[in-house]
Every structure is written in C-alpha cells, then in structure tokens.
Amino acid sequence: MRCITTPENMLSPEGAFGGNPLFYWIYGLAAHLVPCWLAYVIAGLVIMLILINAVLLGAAIVSWGERRLLGRFQNRVGPNRWGPFGALQPIADLTKLITKEDIIPYGADRLAFTAVPVIMVSSLLVATAVIPFAKDVALVDLNVGVLFILAVSSLTSIAIFTAGWASNNRYALFGAGRAVAVLISYEVPVVLSLLGVVVVAGSMSLGDIVVAQAVPFFLVQPLAFFVFLAGMSAELNRTPFDVAEAESEIIAGYHTEYSGIKFALIQAAEFGGALFVSGLIATLFLAGWAGPVADWLGWLWFLIKTFIGIFLFVWIRSTFPRLRLDQIMAVCWKFLMPLSIINLAAVVLEVYFLRDASGTLSTSDLWIMAGINMVVAVVSIAFFGRIIRQKIRNSSRTMTASAPMVRGVPTIEVG
Amino acid sequence: MSLESMLVIAAVLFCIGLYGALARKNFIAVLMSIELMFNGVNLTLVAMGRWVAPYAVQETLSAVLTGQVFAVFIITVAAAEIALGLGIVFAMFRTNESVDLTDAAAMRH
Amino acid sequence: MWFEQVVFWALAVVAIGGAVGVVMVRDLFRAALLLATVFVAVGGFYVMMNAEFLAVVQILIYVGAIAVLFIFGVMLTRDVRQGNTPNRLQIPAALVSVLLLAAMLFTAVTTDWTTLAGLGLESQSQIAQTQAVGIPDASSLAASGLSAQEVESIAGGGLADLLIGEFVLPFEAVSLLLLAAAIGGLALARGRGR
Amino acid sequence: MLTEPLVWAIFLLPVASFLLIGVVVRPLGPSMAKAAGYLTILALGIGFVLSLWLLRSSAHGVVYDFVPHLWLNLAPGASIQMGLLLDPLTNVMLVVVTGVSLMVQIYSMAYMDGDESFARYYAYMSLFSASMIGLVLASNIVQMYAFWELVGLSSYLLIGFWHERPSAAAAAKKAFIITRIGDVGFLLAIIFLFFRADEFAAQGLNALHIPDIWQAAAPLAAGGAGIVAGGALLWLCLGLFAGAAGKSGQFPLHTWLPDAMEGPTPVSALIHAATMVAAGVFLVGRFFPVFSESEGAMMVVALIGAFTAVFAATMGLAANDIKRVMAYSTVSQLGYMMAALGIGAYNAALFHLFTHAFFKALLFLGAGSVNHSAGTFNMMYMGGLRKAMPFTYWLTVIGALSLVGIFPLAGFWSKDEILLEAWLGTGAVPTTVSLLVFLMLLAGVLLTAFYSFRMVHLTFHGEFRGGGEQELHDCEEAGQPAPTGVSHHVHLGESPWFMVGPMVFLGVSAVVAGWIANPIGVKSIFGLIPSHWLTEYFASGLYDGHHAPPFSIAMAVISNVVALAGIGLAVLTYMWPRPFTNNDPLTKGGVVHTLLAQRYYLDHLYEGLIVGRVFYRIVAAITDWVDRNIVDGIVGLVGWISRNIGGLIALAQNGQVQTYPLVAAAGGVVIIVLYLILG
C-alpha cells in the first residue's frame with residue numbers, strides 16, 4: 001500500500017475512512033493501476049455508489065413493504081399485480097413517474113424549485129454515510145457522528161421551505177410552514193433524547209455507540225427511545241404527525257406542485273428517510289450490528305433491526321389518528337420535551353454515580369440503569385400523559401369545527 | 001491550503017459582509033451580511049488556532065482548541081443576535097409596514 | 001497536496017461567490033439560500049482545518065436554524081422578489097470595504113506568522129484537534145509522539161473540557177445571553193397588547 | 001459557652017427578618033402582613049434567649065475574646081474591623097435590648113393591628129433592633145458609628161412612620177437633624193483619633209479599636225499608653241459626649257425627644273424610652289475609662305446631666321399629653337444616668353439604665369393601652385379609666401412608683417444608689433460638684449414624684465372627660481387641627497392580651513429588676529444572686545473597677561420621704577380634697593406655668609432666632625448670592641458650551657443606522673493604515 005500517507009492530511013484513508021475494510025480493498029486494488037489520488041477517488045466513488053444504490057433500492061422496497069403492510073393492517077391485500085406479491089410495484093411506479101411530464105408551475109422560482117429534490121435526496125444520502133452497517137463498515141465513522149446526522153438532516157427543513165416557497169402555491173406554502181414548524185420544534189426533544197444516548201455511550205461516534213450497547217439502549221433508556229420514536233415520526237411527517245401533507249386539508253403539502261421525476265425523488269427521500277431513521281434506531285437503541293452470534297453476520301442483525309424499526313413506523317401509522325397542528329405542538333413542548341429532560345437528568349445522574357474511576361460503565365451498571373429508567377419512564381409517561389391528554393381534550397372541545405380527527409385511508413398513494 | 005490563504009478567504013468574506021451591511025436597504029439583507037461577517041471572523045479564529053502557535057505560549061495541547069472555543073461562542077452569540085434581530089424586524093414591520101432601514105430614522109437628533 | 005487544493009479552491013469559490021450573491025442578488029429568498037450555501041462552504045473549511053465538531057455545529061446552527069429563521073423573516077415581510085436594493089451609502093461603503101480588505105490582505109500576507117509547523121508541532125496539534133470531540137484511541141495518540149500527560153489531557157475531553165473548564169464563565173454568560181435573547185425575541189415578536 | 005457565629009446570630013437574625021420582610025413579605029401584600037410580625041418576634045425571641053445565655057455564661061466567668069474581622073486598613077494604627085466586644089456592659093445591654101424589644105414587638109402585634117403599613121412597621125422595627133444590637137456589640141469605633149447612625153436612621157423612619165401627617169414628618173426631621181448636631185461631635189472625635197493613628201501604631205495599638213482607646217487614655221503611670229491626655233483628652237471626651245447628648249436628649253439638644261412622640265407608641269416605648277436614647281448613656285459608659293481620666297469632662301457630664309434631670313422634670317409638670325410627660329420623664333431620667341456617670345458612679349448609672357428600661361417601657365406601653373381605649377393622648381380628656389382598665393391602671397401605678405423610686409421597686413434601688421454615690425462622692429469630681437449634683441437630683445426626685453402622680457390622677461382617677469371624641473369636637477370648635485393619636489375610636493375597656501401580656505412581664509420586671517443587683521448587700525438571694533451582683537458585674541469590665549458603696553438606710557429614708565412628699569403634693573393638688581374637674585390648678589402659676597408649658601421658649605429660640613434670623617437672613621442670603629451668581633453662572637456657561645457643541649455633533653446623528661458602522665469601519669481602516677505605516 002504505497003499510497004497511504006501520514007495522518008497530516010485528514011482526507012487520507014486513516015483520517016476519514018478509518019477501518020472500512022471494503023474501502024481499503026478497493027483502494028489497494030485500484031492503486032496498482034492508477035495514481036494514488038485517483039485510486040482514492042475511485043474507492044470513495046465506488047463505496048458511495050454502493051451506498052446510494054442501497055439506500056434508494058431500500059427506499060423502493062420500503063415503499064412496497066409499507067403499502068403491503070398497511071394493506072394487511074387494514075384487512076386488504078395491497079399491491080399484488082406486478083411480480084410476486086406485487087414486489088415489482090416500485091419499478092412500475094418509477095417508470096410511470098419518469099415518463100410523466102415534468103411541470104414547473106407558472107411564477108415558480110425555477111432554480112429553487114428544481115434544487116429541492118436534489119437537496120432532499122442528497123442530504124439523506126450524506127446522512128447515511130455515518131451509519132455502521134456491520135462491524136467497522138461505515139462510509140465514514142465520524143467522531144461527531146450523532147451531531148453530524150442531526151446537522152445534515154436539518155438541511156431538510158430548508159429544502160421543504162424552499163419547496164413551499166418556490167412552488168408559488170398557497171397550499172404548498174402552508175404545508176411548508178407547518179412542516180418546518182414541526183421539524184424545528186421536534187428537533188429539540190430529539191436532540192435531548194440523543195444526548196442521553198451520547199452520555200451513556202461516552203461518544204458521539206455511531207460505531208462506539210453500538211459497541212457501548214452491552215445492553216441495548218431501548219432498555220437502558222426507554223424514555224429516550226420513546227421520545228426519539230415519536231420525534232422522528234414527526235420529523236418524517238408521518239401519521240399521527242402528518243399535518244404538513246394532510247391531503248384532506250391542504251392537498252399534499254409542500255410537494256403539491258411537484259410531478260414526474262421530481263416527485264419521485266421527493267418520495268424516494270421520504271421512504272429513504274424512513275429507512276434511514278429505522279437504521280438509526282437500530283444503531284442507537286437496538287445495538288446495531290451486534291447480534292447473538294457471529295460478528296461477520298452483523299449486516300444481517302442490522303437489517304433485521306432496521307426492519308423492526310420500519311415495522312414500528314408502519315404500525316404506528318396504521319393505528320393512530322392524525323393530530324391537529326396545535327396538538328402536535330402541544331405534544332412536543334408539553335409532553336416529549338419534559339420527558340426528554342427527565343431522561344437526560346436521570347441518565348446524567350446515574351452515569352455520574354455509577355461510572356467507575358476510568359469513567360466507564362459495566363454491563364451490570366447498565367442493567368441497574370435499565371431498571372431505574374423503566375420505573376422513571378412508566379411514572380413520567382403516566383404523569384405527563386395525563387396532563388397532555390387533558391390539554392388536548394380541552395382544546396378540542398373548543399375547536400371541534402376544525403378537527404378532522406379520524407381518517408381511514410392511507411396517506412400516500414404513489415402514482 | 002495554508003494559513004494565509006484561509007485568512008484571505010476570511011477577510012474577503014468579512015469585507016463582502018461589511019459592504020452588504022453598510023449598503024443594503026433591507027433590514028434582513030443587512031442581518032444576513034452581518035452573518036457573513038461572523039463567518040469570516042470564525043474562519044480566522046479557527047485558522048489561527050489550527051496554524052499559529054498558542055501551544056508554544058501556553059504549553060498545553062488543549063490551547064490549540066482555544067480558537068474553536070471562541071468560534072463556538074460566536075456561533076451562539078450569532079444565534080442570539082438573529083433571534084433578537086428578527087424580532088426587531090417583525091416589530092419594525094408591524095409599525096412601519098416596511099423593513100427599509102433608510103426609513104427607520106426615528107432616533108435622529 | 002493536489003486533491004486538497006482542489007477541494008479548497010472549490011470551497012473558496014462557492015463561499016465567496018455565494019457571499020457576493022447574498023449581497024448582490026435582488027431576490028431576498030435566493031439571497032437566503034445562497035447564505036445557506038456559504039454556511040455549508042464555511043463548514044467545509046472547518047472540516048479541512050480539522051475542526052469537525054465546529055463544522056457540524058456550523059451546519060446544525062447556521063444552516064439548520066439561522067438560515068431557516070432568515071427564510072421565515074423574508075417570507076413574513078414584503079418585497080421578496082425585488083427587495084434587496086442598495087441605499088445611498090453604496091459608494092462610500094464599497095470604498096471602505098475595499099480599503100479594509102486591502103489592509104487586511106496586506107497584513108495577512110506580509111506578517112511573519114509563528115506557525116505550529118514552524119515549531120514542528122503540527123502533527124500533534126492536529127491529532128489533538130481531530131480527537132478533541134470523541135474518545136481518542138490512546139495507542140494511536142501515543143504513536144504520534146505525544147507524551148503520556150498530553151494524551152491524558154486530550155483523553156479528558158478536549159473541547160468539552162475547555163468549554164466547561166477554563167471557559168466556564170463565558171460559557172455560562174452565553175447561556176444567559178441565549179435565554180435573554182429568547183425571551184427578548186418572544187417579547188419583540190409578540191408585539192404590544194397581545 | 002457560645003460560639004462566635006451564635007453571637008453574631010443575635011445581630012444577624014433581626015437583619016434577616018428585616019430583609020425577609022422587605023423583600024418577601026411586603027411584596028406579598030397586606031394579607032401576609034401578620035407574617036412580618038411573627039418573623040420579627042421569632043428573630044428577637046431567639047436573640048433574647050441567646051443574650052440570656054451569653055449573660056449567664058459570662059457571669060460564670062467565661063471570657064469571650066473573639067478576634068475581630070479586618071475590613072479595611074486605612075493607615076498604620078487605623079484599621080476598621082468588624083468585631084464583638086463582649087464585656088459586661090454589652091452583655092447586659094443585649095439582654096435589655098432584645099428583651100424589651102421582644103416585649104414591644106409582641107405588644108405591637110395588637111397595637112398596630114389593622115394598620116395598612118403593618119409589614120413596613122415590622123421591617124423598620126427589625127432594622128432598629130438589628131442596628132441597636134450591632135451598636136452594642138461593636139468593638140470598633142467606626143463600626144459603632146455606623147450602627148449609631150443606623151439607629152438614628154431607623155428612629156427617623158419610625159418617628160415619621162405615619163409620614164402622611166405633617167406633624168410626624170416634621171418631628172422625624174427635627175429628631176434627625178438635632179441628633180445629627182450631636183453626632184458631628186462624635187464624628188470629630190473619630191477623626192481626631194484617626195489623625196493620631198501613627199502615635200497609636202507606635203505603641204502597637206489601633207486607634208479605632210475601643211479597648212485600645214481605653215488604653216491610650218490611661219496615663220503611663222497606670223500602665224496605659226498615655227497617648228491622649230490633657231486638653232486633647234478633654235476635647236475628645238466632649239466630642240463623644242456631644243454625640244451622647246444628642247442621642248440621649250441632654251440639654252440643650254433635648255427638644256427632639258418630646259416631639260418624637262409623634263411615632264407609634266410602641267416605638268416610643270422601645271426607642272425613646274428603653275434603648276436608643278440609652279445609647280448616649282451607653283456611649284459614655286463604653287468610653288468611661290476615657291472620660292474618667294479627664295476631670296473637666298466628668299464635671300461637664302455631671303452638671304449637664306444633673307441640670308437636665310431637673311430641667312426636664314419641670315417641663316414635665318406642665319405637659320398635658322401623656323406621652324410628652326413620659327418623654328420629659330425620660331429625658332430627666334437620662335439626666336440622672338449622665339449625672340451618675342459624671343460623678344463616677346459608673347455601675348449605678350448603668351444599673352439605673354437597666355431598671356429604667358423596664359419601667360419606662362412599661363409606662364409607655366401603659367400610655368399606648370390607655371390611648372387604645374380612650375382614643376387620645378391628652379390627659380385633659382381622660383380620667384376615671386381606673387375602673388375600665390384595671391390591669392393597665394395597676395401596671396401603670398407600679399411603673400410610676402418604680403419611676404419615682406419607692407421602696408422596694410426597681411427604680412428605688414438604682415436611683416438610691418446614684419443619690420448615695422453623689423452624696424458620698426467618688427473622687428472623680430470635686431466634692432462640691434458632687435454635692436451640687438446630689439441636691440439637684442434630690443430636687444428632681446420631688447418633681448418626678450409630682451408629675452408622675454399628676455399623670456396617674458389625671459388619667460385614671462376622677463370622672464371620664466370624653467376621650468378622643470370630645471377632643472376632636474373641641475378642636476373643631478377652636479378651628480385647630482387634631483393632634484396625633486386622636487380618634488373617634490373610644491371604647492372604654494381593657495386592651496387585648498397581646499398588649500397586656502408584655503406589660504405584665506415588664507411590670508414584674510419593674511418590681512424585681514432591682515434585686516438582680518442585690519443592692520442591700522445580703523449575702524445572696526435564693527442562693528443565686530450574690531451581694532451587689534449586677535454592679536460588681538459591671539465593675540468587672542473596667543480596668544479599675546469601681547465598687548458599689550454599702551446600702552445606706554439614711555439615704556433610703558431621705559429619698560423615700562422626698563418622693564412621698566411629691567406624691568402627697570400631687571394628691572393634694574389633683575385628688576383630695578377636691579377631685580380634678582377641668583381646670584389644671586397649676587395654671588394659677590401664671591408666668592411660671594406659661595414658661596414651663598412653652599418649654600422655656602427653647603424651641604422658639606432654636607427655630608425663630610437661630611434658624612430664622614441667623615440662618616435665613618445671613619447665611620442663606622450669602623449662599624444664595626453665591627449660588628445664583630457664581631455657581632449658576634459656571635453651570636450655565638458649561639451648559640451653554642455643551643449645548644452648542646452638541647448642536648454641532650447632533651448633525652452627525654442623522655438616524656441612518658448604517659452611517660454609524662460606516663464611520664466606525666472607516667475609523668478602523670484609518671487605524672490599521674496608521675499602524676501599518678507607523679508600527
């Protein structure tokens with residue numbers, strides 16, 4: 001490996017792609033044929049290509065899986081015409097969307113309008129880069145991984161806003177305003193719940209967090225898991241927090257005016273987002289690639305856990321009715337926010353008292369924390385749940401006229 | 001990439017921001033320009049921390065992070081500034097029906 | 001290094017071009033988007049200077065929060081399409097800015113900086129910066145020629161240690177400032193009598 | 001054995017209650033006002049217990065010597081410290097201050113009930129108690145002075161408590177200004193000490209530390225430092241005495257005290273009878289080792305004290321306001337104490353201070369109780385209250401007998417001791433002076449007896465003469481404003497237990513307090529109080545302790561006969577054979593009565609002549625001219641200049657916010673360029 005340089009350059013293999021064996025393998029292979037920098041670029045591109053395809057293909061599978069699952073939940077069949085169990089349905093959808101006319105509405109800001117799908121998909125892809133799919137297999141294992149994910153996913157809010165603004169359409173703008181308000185608000189409890197995870201793991205690197213989960217964190221910090229799940233449902237604009245694209249109210253929200261391939265990309269970003277968040281839940285709370293046997297099977301465990309996450313989301317979506325915007329805000333600030341603060345405080349105190357001299361926690365410590373936090377979670381959810389239930393009831397009594405609470409049909413029909 | 005080149009970029013950012021802050025009518029544009037100036041300053045701080053030798057002065061390795069610490073503070077202050085600045089923008093818009101800084105001269109002598 | 005130079009100049013072009021755009025473009029909404037671009041580019045500079053944490057914070061706060069606030073602000077006020085017009089001070093402002101730029105560039109280029117590289121400390125400090133936000137791998141630190149005590153001080157947390165150690169007073173002051181700004185912003189935006 | 005924090009707690013608890021009331025209770029509004037009272041009572045109750053404990057352990061021989069806390073080093077030999085000077089004087093004063101204060105606070109719970117500024121009242125009371133305790137505890141003369149002024153301030157606030165009444169506001173101002181005249185002397189004394197600091201430093205002493213000052217005044221022969229002596233010592237003492245005279249209402253600075261009765265009655269009882277006015281006596285007692293080195297100063301103190309004792313008593317004869325009678329009586333009794341200090345009877349003076357605090361507070365509280373039912377303070381409208389309020393009556397009689405000095409009440413023992421020492425002479429002043437003092441004090445006893453029982457008769461005997469209702473009616477007819485404390489609120493009956501309870505406590509004290517000194521000199525009382533206990537205890541704090549003379553039956557007989565004669569005169573005049581109806585028989589005194597009733601025209605002299613003529617006509621005219629022409633001229637010129645410059649500068653303030661940073665940036669460019677060129 002004559003090309004590997006000293007750590008002085010952070011873009012060098014050791015600096016950024018620390019420990020990704022796949023990268024080294026391609027890099028070493030290419031370095032025999034081309035100059036070092038080119039080998040480096042080639043290796044990176046190949047990895048990226050794999051990743052992008054994995055994510056987009058995953059998004060397609062999710063779109064099919066979700067519709068099938070929803071169908072089962074609602075006692076119907078779901079897509080079943082094209083391919084076995086309708087599994088080729090996404091391809092049909094995509095073909096249809098690509099061949100459709102790509103309309104840009106009159107008076108739209110063409111540049112911004114076009115940029116939106118790109119920003120959305122690329123921010124999703126960039127965020128995916130830090131997720132470890134198996135032991136040491138991530139595109140980058142950043143030491144600020146958690147923060148990185150938050151930062152990159154916060155780009156979505158700008159994209160949504162731009163979509164709403166550039167469409168030159170009232171409904172789109174309303175949808176964008178709602179979506180951004182929800183995004184910004186739910187960012188706070190989500191970050192606070194992630195802080196608890198970071199405190200216990202002692203690192204912001206996703207790889208380290210997985211390693212730290214001798215006991216999966218959904219047991220150690222049930223509150224954080226709960227808040228994260230709820231917060232992420234909201235950030236993905238999924239039921240019960242999907243006012244931003246509630247088609248019974250504002251057509252389809254910020255992507256009302258999008259059609260053709262742009263619409264396809266936005267949908268890809270949404271389903272990819274669900275996939276990504278499920279992967280994140282698997283990594284942060286379900287111990288990621290760590291499994292009962294065989295580290296080299298890590299990718300399998302990871303996949304299983306990811307699909308558990310997706311299943312959870314679909315389950316939630318098919319079970320709960322949609323909330324009104326003010327109720328969503330109330331749930332965020334008056335329910336999830338105190339819960340996440342309680343979780344953080346409890347975790348910090350526990351870590352402070354339980355850690356040993358070198359600042360690490362043993363497995364038994366984690367079990368102790370799990371026990372305490374279970375109790376804390378039950379008590380505080382019961383307490384704040386009571387309060388928020390009263391609030392929502394009281395407010396709906398005064399605002400019944402504009403409260404479409406119940407809804408039977410699935411939200412998204414692709415095509 | 002070197003200290004000088006980074007300083008040059010920072011200075012250019014700062015001065016573009018300065019021009020914008022001085023020569024734009026729209027309050028929001030002025031605030032944006034001020035953010036550009038902040039970014040120039042932050043770049044300078046980080047670059048100084050990265051290349052110039054506080055380590056030699058303080059003899060502790062963490063001293064190389066001082067520039068970043070200051071940048072963190074500046075980012076925080078910028079966030080606070082924007083929160084207030086936009087508050088003022090809205091207040092001004094409510095009373096003046098415009099956000100033109102040239103019109104906001106009620107405090108002249 | 002060649003690759004590094006490419007990235008650097010690309011970022012420089014994006015940053016400066018974006019900055020010029022922010023100031024010059026008439027459409028305020030686009031100006032705000034360009035501002036976000038500049039922020040991202042500056043974040044890229046931070047990455048190149050081994051300040052990953054700061055880069056992430058930059059994206060998180062500037063792009064995720066401040067730019068969004070700006071867009072909100074733009075949308076809630078008038079004249080978005082043609083709003084960004086110059087005032088009467090255009091020429092003196094340009095003059096002063098150019099003079100200041102010249103003076104700063106002159107200073108930056110002619111000063112004889114005492115750099116870490118000149119002191120032979122570059123690699124150590126880089127390790128320190130890179131590892132400052134995570135738990136560093138002690139063996140890799142030791143391999144880069146750092147003393148045990150220095151390894152200890154870095155392993156203690158780097159940036160976090162500084163923030164709530166040496167700089168705890170400004171840290172608290174800034175928290176207070178944020179609180180005050182949040183309340184003040186609320187009070188201002190709520191307006192009178194409501 | 002108390003620790004230092006516990007001793008500080010005596011002082012800090014009222015401070016805390018003051019702050020709590022001011023910051024927490026008052027903003028909560030009138031519904032929570034009662035809490036203010038309970039807070040103050042709690043703080044003072046704990047303080048009282050701690051003080052008793054302190055006194056007890058000190059009497060059992062524990063010596064408290066805490067190192068003062070340095071606050072400021074002004075110069076070598078002059079450092080301001082915060083310290084505790086716990087000698088017998090302090091310990092006894094602490095018990096008096098906290099005890100009487102506690103009783104008064106409890107009494108006030110009922111007396112001030114329903115006042116809209118209830119919480120403010122207790123805040124002031126806490127402040128006063130804290131500053132009085134601080135004054136008593138102070139080990140440094142500057143520390144003492146600070147609390148001295150704080151006491152003055154809180155007195156001012158409390159006299160003017162009902163500041164919406166012009167007369168109360170005027171009285172508060174008068175009290176503040178007149179005591180301030182005396183305080184100038186005190187301040188000059190401190191400054192004098194400060195300027196002699198280097199001489200103190202040479203001896204390793206601190207010019208502002210009180211025990212060091214004692215040592216500095218003692219001559220070399222007596223083992224002292226001998227730094228101040230002769231004329232300087234005399235002036236130092238006179239300066240201190242001026243401060244004492246101002247606070248204690250000694251002639252000629254006594255005029256504020258009767259006016260101070262505008263404040264609420266409990267305030268009068270606490271501040272203008274038991275504690276603050278005693279601060280002057282305390283000050284002289286505190287510096288007694290200094291005074292005793294200067295015969296001249298002692299003579300001044302003795303003569304002014306004795307003169308005040310008689311002088312104030314004469315004015316008490318003609319006063320009709322019950323509280324004013326008390327006020328003159330207080331001035332008179334303070335004169336006794338001063339005179340006693342002057343002739344060198346240190347322990348007798350402080351003994352009298354101790355007993356006086358109880359019976360005078362009792363009398364004031366009795367006056368308040370009377371006012372509570374009769375609705376007035378004017379004795380001409382009272383009478384016959386004996387049947388309506390038996391407790392108050394008997395307690396007041398006990399207080400009056402104690403004040404007069406009838407065997408075996410508290411006042412008798414202390415007053416008798418003063419008379420005895422004046423008769424015998426202590427060697428501190430020439431015998432002629434002490435004899436003169438004795439005669440004046442004896443005359444004072446007669447007058448005291450007369451006015452005390454005049455007060456008792458007018459208030460409690462005879463027929464009821466209408467109370468506040470009648471007085472308001474009369475005032476209306478005469479077209480005069482009604483005086484303070486008069487109300488339609490007339491309901492003849494005993495006061496609530498919150499008021500009577502503390503009075504009973506004080507009444508018991510007024511009977512038995514004298515026995516604490518065991519003045520007869522029996523071996524011990526109940527095996528607890530040894531012979532001459534209190535006086536010997538006081539003496540133990542001094543370098544050359546003065547010992548009490550043995551009890552003299554002859555002197556006791558003389559003073560009792562004189563006192564009984566005074567009482568008999570009062571009975572003859574007001575009760576028997578003809579009970580008093582409406583006209584005061586004393587008015588037949590003609591010119592003399594007018595002179596007394598007009599308080600020897602001293603107020604007229606002060607206000608009309610000194611203030612009106614000298615200040616208004618001459619001093620004010622000169623300063624007015626200077627102010628108008630020179631000061632105003634300069635100010636006007638400065639204003640003119642800045643206005644015109646400002647006009648020029650204002651042109652730059654065009655309100656365009658961006659021009660300011662533009663100019664600032666241009667300035668920055670100029671600075672950088674200059675730096676690049678020059679540096």
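A quick note: this is a predicted structure, and the numbers were derived from the prediction, not measured. Lettering follows sequence order; numbering is per chain, from 1.
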Options B:Leu7, B:Asn39, B:Ile82, B:Val89, ranked by heavy-atom pairs under 4.5 Å with chain C, top entry: B:Asn39
Chain C contacts, top residue of B:Thr44, B:Asp100, B:Val8 (heavy-atom pairs, under 4.5 Å): B:Val8
Does the side chain of [Y] come within less than 4.5 Å of [X]'s, by heavy atoms?
{"X": "B:Met32", "Y": "C:Val23", "answer": "no"}
{"X": "C:Met49", "Y": "B:Gln68", "answer": "no"}
{"X": "C:Val57", "Y": "B:Ile75", "answer": "yes"}

Between B:Asn42 and C:Gln58: side-chain donor-acceptor atoms closer than 3.5 Å: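 Result is no, nothing qualifies.
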Interatomic distance, [X] atom [atom1] to [Y] atom [atom2] [nearest 0.5 angstrom]:
{"X": "C:Leu28", "Y": "B:Asn26", "atom1": "CG", "atom2": "CG", "answer": "4.5 Å"}
{"X": "B:Leu86", "Y": "C:Phe72", "atom1": "CG", "atom2": "CZ", "answer": "10.5 Å"}
{"X": "B:Leu84", "Y": "C:Ile183", "atom1": "CG", "atom2": "CD1", "answer": "10.5 Å"}
{"X": "B:Leu101", "Y": "C:Leu89", "atom1": "CG", "atom2": "CG", "answer": "10.5 Å"}
{"X": "B:Ser5", "Y": "C:Phe45", "atom1": "OG", "atom2": "CZ", "answer": "8.5 Å"}

Output field: ring centroids B:Phe70/C:Phe167 closer than 6.0 Å: yes
Residue [X] versus chain B: region with a heavy atom under 4.5 Å:
{"X": "C:Ile16", "answer": "both"}
{"X": "C:Ala12", "answer": "both"}
{"X": "C:Leu35", "answer": "side chain"}
{"X": "C:Val38", "answer": "side chain"}

B:Leu43 versus chain C, the contacting section by heavy-atom distance below 4.5 Å: both
Part of B:Ala78 within contact of chain C (heavy atom distance under 4.5 Å): both
Mutual orientation of the aromatic rings belonging to C:Phe171 and B:Phe73 [parallel < 30°, tilted 30-60°, perpendicular > 60°]: tilted
